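I have placed the structure first, in the form of structure tokens, so that the comments after it can refer back to it.
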2 protein chains.
Amino acid sequence: MSMDAVFRALADPTRRQLLDSLHARNGQTLNALCGEMDMTRQAVTKHLAVLEEANLVTTLRRGREKEHYLNPVPINEIAERWIGKFERGRLDALSNLKKRLEREEP
Amino acid sequence: MSMDAVFRALADPTRRQLLDSLHARNGQTLNALCGEMDMTRQAVTKHLAVLEEANLVTTLRRGREKEHYLNPVPINEIAERWIGKFERGRLDALSNLKKRLEREEP
DNA sequence: TTGACATGCAACCAAATGGTTGCATATTAA
DNA sequence: TTAATATGCAACCATTTGGTTGCATGTCAA
């Protein structure tokens with residue numbers, strides 16, 4: 001559940017779409033998820049493996065089907081540990097930048 | 001300032017390190033930033049270009065130097081528009097998953 | 001039991017990525 | 001003016017990535 005794996009997993013639009021799909025309807029099987037994607041089942045499998053490695057998706061084998069569940073915890077950890085840091089400095093940074101750009105003479 | 005560009009930019013650990021560095025000391029020149037990175041100046045330049053394209057970094061040419069400023073706005077937009085969506089369902093999703101895993105019989 | 005269905009595994013491929021080296025250009029300082 | 005410094009640009013390279021096809025395995029249903 002390294003933070004790097006989460007960032008990498010989120011970098012791909014197809015994978016974010018998969019998370020969106022699971023957010024809309026949790027517990028979908030591989031085949032169900034493939035229905036919405038315009039690529040082969042094997043490609044989707046690979047994307048899901050990346051999401052699983054990042055701990056963003058948990059799977060549950062039920063008979064011959066595999067259900068996929070969204071795990072929002074890593075996303076929240078990123079939000080709290082990483083994004084929060086930049087958020088704090090937001091207004092300051094903006095006003096500093098503005099000032100800097102205004103006294104624009106070398 | 002597409003969301004995709006921001007996600008892609010954040011995916012690389014070197015680029016996150018650059019953002020961290022700018023967060024610690026804003027307005028650093030290319031050379032200053034290179035000092036902390038274990039790669040050639042040209043490689044750092046490329047990473048900064050990706051960050052600039054995602055609008056995460058703004059540059060300011062001052063004489064023969066180029067200053068780099070962190071722009072936290074896109075990070076906040078991601079936090080608000082995208083992460084917030086998953087955050088809302090967090091507790092529900094967790095408890096649902098738990099229930100599901102518990103009644104673990106096909 | 002047997003066929004259909006859901007998934008797993010592996011080899012392969014093109015394109016993108018992250019890095020390098022080499023050289024060009026522009027600005028500052030001696 | 002000239003030399004050093006800061007950055008820009010481009011070609012090149014290895015590896016990773018995102019996708020494919022082909023085949024194997026496991027499970028359900030008739």
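Because the structure is predicted, anything quoted here is derived from the model rather than measured. Letters A, B, ... mirror the listed sequences (proteins, then strands); counts begin at 1.
As rounded to whole Å, 10 Å separates atom P of C:dT17 from atom CG of B:D4. Across the protein-nucleic acid pair, A:L33 atom CG and C:dG8 atom P stand 12 Å apart, rounded to whole Å. C:dT17 atom C1' lies 16 Å from atom CG of B:L48, rounded to whole Å. The CG atom of B:L51 sits 14 Å away from the C1' atom of C:dG18 (whole-angstrom rounding). We find that CG of A:L30 is positioned 15 Å from C1' of D:dG26, with the value rounded to whole Å. As rounded to whole Å, 11 Å separates atom P of C:dT17 from atom CG of B:D12. One can place NE2 of A:H68 at 11 Å from C1' of C:dA6, the figure rounded to the nearest angstrom. Straight-line distance from the CE atom of B:M37 to the C1' atom of C:dG19: 15 Å, rounded to whole Å.
Contact check for B:L10 versus A:L10: no side-chain heavy atoms found under the 4.5 Å cut-off. Proximity of B:V73 to A:F86: side-chain heavy atoms (C-beta onward) are nowhere separated by under 4.5 Å. Counting heavy atoms from C-beta outward, A:L56 and A:R15 have side chains that stay 4.5 Å or more apart.
OP1 or OP2 of D:dG8 sits under 4.0 Å from a side-chain N or O of B:K66. Dashed line: the shortest gap from a side-chain N or O of A:T40 to OP1 or OP2 of D:dG19 is not under 4.0 Å. Between C:dT7 and A:N31, a contact under 4.0 Å exists linking OP1 or OP2 to a side-chain N or O. OP1 or OP2 of D:dT17 has at least one side-chain nitrogen or oxygen of A:R8 nearer than 4.0 Å.
When distances are taken from the side chain of B:K46 to each of D:dT20, C:dG19, D:dT17, the shortest belongs to C:dG19. For A:Q42, the side-chain atoms get nearest to D:dT20 when compared with the rest of C:dC23, D:dT20, D:dT7.
Donor-acceptor pairing under 3.5 Å is lacking for the side chains of A:E65 and A:T29.
At a cut-off of 3.5 angstrom, the base of D:dT5 holds at least one donor-acceptor pair with the side chain of B:R64. The base of D:dG26 does not come close enough to the side chain of A:E65 for any donor and acceptor atom to sit less than 3.5 Å apart.
When each of B:A32 and A:A43 is assigned the nucleotide of DNA chain D bearing its nearest heavy atom, the one mapping closer to the 5' terminus is B:A32. Each of B:R41 and B:H47 lies near DNA chain C, and the nucleotide nearest B:H47 is the one positioned closer to the 5' end.
Of the possible polar contacts, none joining the B:R8 side chain to the B:V50 backbone as a donor-acceptor pair under 3.5 Å is found.
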